[in-house]
There are 2 protein chains.
Amino acid sequence: MARPREFDEDAVLDAAVACFWRHGFDATSIRDLVGQTGLTAASLYNAFGDKRSLFRLALERYIAGGIGPRLARYEAAPPLDGVRGYLDDVVARSLDDPANKGCMLVNAALEFAAQDAEFRPLIIGTFGRIEAFFLDCVRRGQGDGSMTRTLAAEDLALHCLAVLMGVRVLARIRPERAVLNGVVAALLAALVARPEEGRDGAADRSERGMT
Amino acid sequence: MARPREFDEDAVLDAAVACFWRHGFDATSIRDLVGQTGLTAASLYNAFGDKRSLFRLALERYIAGGIGPRLARYEAAPPLDGVRGYLDDVVARSLDDPANKGCMLVNAALEFAAQDAEFRPLIIGTFGRIEAFFLDCVRRGQGDGSMTRTLAAEDLALHCLAVLMGVRVLARIRPERAVLNGVVAALLAALVARPEEGRDGAADRSERGMT
DNA sequence: GTCATTATAGAACGATCATACTAAAACGCA
DNA sequence: TGCGTTTTAGTATGATCGTTCTATAATGAC
């Protein structure tokens, strides 16, 4: 009934992700987006709204295409393999990105931080999904004896999340395989059960007080 | 011989630090700086050069006033106390900052990342100083038996650095005491020597292979 | 007191920002 | 073949950006 779109929305959003991912929200201009997407400013505004809503769509697409699949890829793995796989994945992606863009979610979190009420729920919620993934790994790992029970599962999961964030920051400054692998190796060593811990599931849980 | 300055350079730089720390480089306008410092744009340019060199001075002042003293405060502490003190310090500062500005160095690192050749050396060098502090703590801790020798000191130091960065990011998103303390507690638990490790210095170093 | 020098104040600069407007163009349906 | 609707293309708009200019004010040296 009306004139049809001449562009592929997904391709345009991918181009927008590339722009925002590389330069952030503020430093990406509408002209940049016009140049990278190939369509005009009028079409951009007509199809996606203003710059903020386009950023939101781009960030959601980044999450749906990058973080979501990665979580799904390791959610059924053995606990230690899940954590290791997730972080090795991140390290590999960080190392083979010549632009060193890091993680768009971390970048957005620091650019908007607390002040932006519109993006906060999406950012916090996504980090919450990642934390939940780590928490699930740790709970299963503590249950099957592969991970240490000397700390609360919640603390260990937060530790994983913090190391993940740290890796994403460190990777932008020192994108060297030895550096990032060293960090991940130390995290995994911190998670594994110590030799003196029993390997028989929950049986020996009562032998230590709760701290 | 000429008209004297009417302002205190240090006070002006402190105001510039406050602006850049809170909003970053791009999102801070010269007009913001004019408003916060109280002097005119002409005086700003005359005294400090353009926006980039003012940012550099502000970042150097932040490092000299924030990070440097913190490193000095804990460099002579017992190894574990040094790491714990440094991170507890960071957590405390993060929690009592209502603006949640995080760390200006981390913010700058992510805003400029790899692309900016002018700020890279300062950013990388400062993180290098922090890493060297952690490495010194770990080496001493491994030497006196208080820290684990199951990993290379370099990897443990990098782990500390990554957790520090992660805490700085996490604190901007979830500035809750329990969250940040949990992360630090897990880091410290990862550093301490395990019960089966000898406490007699370097004596038992030969009993394990190098991995 | 005059001069050279530097600091101030405030307006002005061109560039670029996000966004809106005006027309023309391209379709489905009558 | 028109009509209604939406997408295009290009330009315009007002705001704000970093920076500079002009003029005036304040000092030490002579």
Side-chain angles (χ1 to χ4, degrees), chain A residues 1-60 104 107-108 111-112 115-119, chain B residues 1-60 104 107-108 111-112 115-119:
Chain A
M1 179 138 99
R3 177 171 175 176
R5 293 251 162 96
E6 293 181 0
F7 59 88
D8 176 27
E9 294 193 22
D10 285 341
V12 168
L13 277 182
D14 283 336
V17 167
C19 284
F20 284 128
W21 193 357
R22 182 187 289 255
H23 301 112
F25 178 78
D26 251 357
T28 298
S29 71
I30 298 292
R31 282 171 177 78
D32 291 338
L33 294 163
V34 166
Q36 285 298 310
T37 61
L39 37 79
T40 66
S43 296
L44 270 178
Y45 275 84
N46 179 57
F48 303 104
D50 66 4
K51 189 184 175 186
R52 286 180 67 87
S53 52
L54 177 56
F55 181 84
R56 164 174 276 273
L57 291 169
L59 182 54
E60 285 170 348
M104 185 175 169
N107 300 349
E111 183 168 2
F112 298 116
Q115 63 249 29
D116 195 298
E118 180 188 347
F119 293 126
Chain B
M1 182 144 82
R3 178 172 174 176
R5 293 249 162 96
E6 293 180 359
F7 59 89
D8 175 28
E9 294 193 22
D10 285 341
V12 168
L13 277 182
D14 282 338
V17 167
C19 284
F20 284 128
W21 192 358
R22 181 186 290 254
H23 300 112
F25 178 78
D26 252 356
T28 298
S29 71
I30 297 291
R31 283 164 180 80
D32 290 338
L33 294 163
V34 166
Q36 285 298 310
T37 61
L39 38 78
T40 66
S43 295
L44 269 179
Y45 274 82
N46 179 57
F48 304 104
D50 65 4
K51 189 184 176 188
R52 285 180 68 87
S53 51
L54 178 55
F55 181 83
R56 165 175 275 273
L57 290 170
L59 181 55
E60 285 169 348
M104 185 175 169
N107 300 348
E111 184 167 2
F112 298 115
Q115 62 250 29
D116 196 298
E118 180 188 348
F119 293 126

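In what follows, chains are A, B, ... by sequence order, proteins preceding strands, each numbered from 1. Side chains included, hydrogens not; waters and symmetry mates left out as well; all remaining heavy atoms used.
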Please check the phosphate of [N] (OP1 and OP2 only) for any side-chain N or O of [X] closer than 4.0 Å.
| X | N | result |
| --- | --- | --- |
| A/Arg31 | C/dC17 | yes |
| B/Ser29 | D/dC17 | yes |
| B/Ser43 | C/dT8 | yes |

Side chain of [X] (C-beta onward), nearest among [options]:
| X | options | answer |
| --- | --- | --- |
| B/Ile30 | C/dT8, D/dG18, D/dT20 | D/dG18 |
| A/Thr40 | C/dA20, D/dG18, D/dA9 | D/dA9 |
| B/Asn46 | D/dG18, C/dT8, D/dT7 | C/dT8 |
| B/Lys51 | D/dT8, C/dA18, D/dT19 | D/dT19 |

Requested in this report: Would you check if there is a donor-acceptor pair between the side chains of B/Ser43 and B/Asn46 at a distance under 3.5 Å?
Outcome: no
[X] to [Y] - nearest heavy-atom pair and separation:
| X | Y | result |
| --- | --- | --- |
| B/Thr28 | B/Cys19 | OG1-O, 3.3 Å |
| B/Ala47 | B/Phe7 | CB-CZ, 3.7 Å |
| B/Arg56 | B/Phe119 | CB-CE2, 3.6 Å |

I need the [atom1]-[atom2] distance between [X] and [N], as an integer number of Å.
| X | N | atom1 | atom2 | value |
| --- | --- | --- | --- | --- |
| B/Arg52 | D/dT19 | CZ | C1' | 15 Å |
| A/Tyr45 | C/dT19 | OH | C1' | 5 Å |
| B/Leu54 | D/dG18 | CG | P | 11 Å |
| B/Phe48 | D/dT19 | CZ | P | 15 Å |
| B/Asp26 | C/dC17 | CG | P | 11 Å |
| A/Leu44 | D/dA9 | CG | P | 11 Å |
| A/Phe55 | C/dT19 | CZ | P | 14 Å |
| B/Asp8 | C/dT8 | CG | P | 12 Å |

Query raised in the report: Do the side chain of B/Asp50 and the main chain of B/Ser53 share a donor and acceptor less than 3.5 angstrom apart?
Result: yes
Query raised in the report: Taking for each residue the nucleotide of DNA chain C bearing the nearest heavy atom, is the 5' side occupied by A/Thr28 or by A/Ala42?
Result: A/Thr28
